[in-house]
Amino acid sequence: MSKIFCIANQKGGVGKTTTAISLSAGIARSGMKTLLVDLDPQCNATSGVGFAPMARHPLVTGEPIREFIQQTEIENLEILTGCRSFYDVEVMSKADAKRMDRMTVQLSQELKGYDYVLIDCPPSMGQLTRTALLWSTDVLIPIQCEYFAMEGLVQMLEVIRDVIFQRQGRLQFAGIVLTMYDPYLELTLEVDKEVRDFFGDDYVYRTVIPRDVALSEAPSYGKSIFEYAPRSRGARAYTELCMEVLERV
């Protein structure tokens with residue numbers, strides 16, 4: 001059975017898409033057959049690995065998903081690109097129970113064969129993110145080391161708890177990863193301590209993702225950090241995070 005990771009945070013600019021791209025690329029490089037799913041209407045994960053958004057989404061049109069999956073330049077990594085069609089986004093975000101069940105069945109049947117599926121969600125706790133949580137086996141939350149890191153997190157955890165209850169334990173809380181980490185800033189250390197004290201080390205990854213300009217530059221070249229700057233601090237950190245994620249499975 002595939003491990004399906006939902007990468008989610010209702011705040012934008014926390015490194016969510018960077019984490020989705022880097023984790024999927026790193027896991028694929030370890031030899032695992034991996035699929036990156038871009039569910040964010042901004043389609044940053046799509047452009048971040050060098051692709052253009054699709055015109056219509058197969059989850060809306062009912063066409064076979066496999067026909068829309070594309071092979072990236074990274075061995076073992078494929079992508080289901082995002083869609084900017086306002087109509088399709090509206091349909092998916094306001095799906096009723098019947099359509100939700102149909103989309104879930106379509107995904108579960110057509111995405112067999114992958115070791116890992118990583119879903120990049122919109123920066124919100126709206127219906128698209130809730131839908132992704134319903135599809136997923138694990139949810140991972142990137143948190144930026146800033147003053148408002150904990151803001152809105154309680155609401156997000158309530159949504160996750162509801163989905164866990166709704167799916168009778170299918171969804172697991174994979175944990176939190178601290179991003180944009182600067183050990184020379186007192187605020188960073190305060191946020192680190194606050195998050196670890198609140199959640200415990202079992203739910204906060206040991207690996208932290210540093211501030212690194214290479215992580216910001218890589219998407220503009222349509223490359224993951226491993227292809228763009230393999231010796232950078234960001235590449236080393238995401239390599240360590242991938243190893244930790246695989247160890248926890």
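Checked for salt-bridge contact, E240 and R236 miss the test: no charged N lies under 4.0 Å from a carboxylate O.
In the hydrophobic clustering of this structure, L80 groups with L128; members are Ile, Leu, Val, Met, Phe, Trp, Tyr whose side-chain heavy atoms approach within less than 4.5 Å, directly or through other members. M156 and V163 fall within a single hydrophobic cluster, where Ile, Leu, Val, Met, Phe, Trp and Tyr side chains are chained together by heavy-atom contacts under 4.5 Å. Linking Ile, Leu, Val, Met, Phe, Trp and Tyr whenever their side-chain heavy atoms come within less than 4.5 Å puts I119 and V89 in one cluster. Following chains of ILVMFWY side-chain contacts shorter than 4.5 Å, one can reach I164 starting from Y203, so the two form part of one hydrophobic cluster. Linking ILVMFWY side-chain heavy atoms closer than 4.5 Å, directly or via other members, places V208 and F198 in a single hydrophobic cluster.
Put simply, CD1 on I209 and CG on L241 are 5.0 Å apart, with the number rounded to the nearest 0.5 Å. Put simply, OH on Y205 and CZ on R248 are 5.0 Å apart, with the number rounded to the nearest 0.5 Å. Rounded to the nearest 0.5 angstrom, C242 SG and R29 CZ are separated by 9.0 Å. Here the CD1 atom belonging to I7 is positioned 4.5 Å from the CG atom belonging to L140, to the nearest 0.5 angstrom. Atom CD1 of I4 and atom CG of L171 lie 10.5 Å apart (nearest 0.5 Å). Taking CZ from R84 and CE from M54, the interatomic distance works out to 12.0 Å, rounded to the nearest 0.5 Å.
For R206, the CZ atom sits in a loose shell: 12 or fewer heavy atoms of surrounding residues, nucleotides or ligands are nearer than 6.0 Å. Surrounding CD of E63 are more than 12 heavy atoms belonging to other residues, nucleotides or ligands, all under 6.0 Å away. Shown here is E244, whose CD atom has more than 12 heavy atoms of other residues, nucleotides or ligands within 6.0 Å.
Between T207 and M243, every side-chain heavy-atom pair lies at or beyond the 4.5 Å cut-off. Using a 4.5 Å cut-off on side-chain heavy atoms (C-beta onward), I160 and I141 make contact. By the 4.5 Å heavy-atom criterion applied to side chains, K11 and E146 are counted as neighbours. At a threshold of 4.5 Å between non-hydrogen side-chain atoms, the residues S47 and P219 do not count as touching. Considering only heavy atoms from C-beta on, T137 stays 4.5 Å or farther from Q172 through its side chain. Counting only heavy atoms from C-beta outward, the side chains of V49 and S24 never approach each other to under 4.5 Å. Annotation: side chain of F51 is in contact with side chain of I79 (closest heavy-atom distance under 4.5 Å). Put simply, the side chain of T179 does not reach to within 4.5 Å of the side chain of L215, judged on heavy atoms.
The main-chain N or O of C121 is never found under 3.5 Å from a side-chain atom of T129 such that the two would form a donor-acceptor pair. A distance-only check finds no donor-acceptor pair linking the side chain of S136 to the backbone of V139 [under 3.5 Å]. Side-chain N or O atoms of R170 include one that pairs as donor or acceptor with a backbone N or O of W135 at under 3.5 Å. A donor-acceptor contact shorter than 3.5 Å is absent between the side chain of K16 and the backbone of P123. A donor-acceptor pair is defined here as one N or O able to donate and one able to accept, closer than 3.5 Å; no such pair exists between the side chain of D120 and the backbone of A20. In this structure, the side chain of D115 engages the main chain of K33 through a donor-acceptor pair within 3.5 Å. Without hydrogens or angle criteria, T72 side chain to I74 main chain gives a donor-acceptor distance under 3.5 Å. For N9 (side chain) and P142 (main-chain N/O), a donor-acceptor pair under 3.5 Å exists by modelled atom type. Here the side chain of R233 pairs a donor or acceptor atom with the backbone of R211 at under 3.5 angstrom. Judged by distance alone, the side chain of Q71 and the main-chain N or O of L77 form a donor-acceptor pair under 3.5 Å.
Side-chain contact, T19 with Y238: a donor N or O sits under 3.5 Å from an acceptor N or O. For the residue pair T34 / N76, no side-chain donor-acceptor distance below 3.5 Å is found, with atom types taken as modelled. Donor-acceptor pairing under 3.5 Å is recorded for the side chains of Y114 and E78. D38 and T46 are linked by a side-chain donor-acceptor pair at a separation below 3.5 angstrom, with hydrogens and angles left out of the test.
With sequence neighbours excluded, no residue forms a ring-ring contact (aromatic ring centres under 6.0 Å, His included) with Y87.
Across all their heavy atoms, A132 and C6 have their closest contact at CB-SG, 3.9 Å. Between V191 and C145 the shortest heavy-atom distance is CG1-CA, 4.0 Å.
Taking the six-membered ring for Trp and thresholds of 30 and 60 degrees, F199 and F173 have ring planes inclined between 30 and 60 degrees apart.
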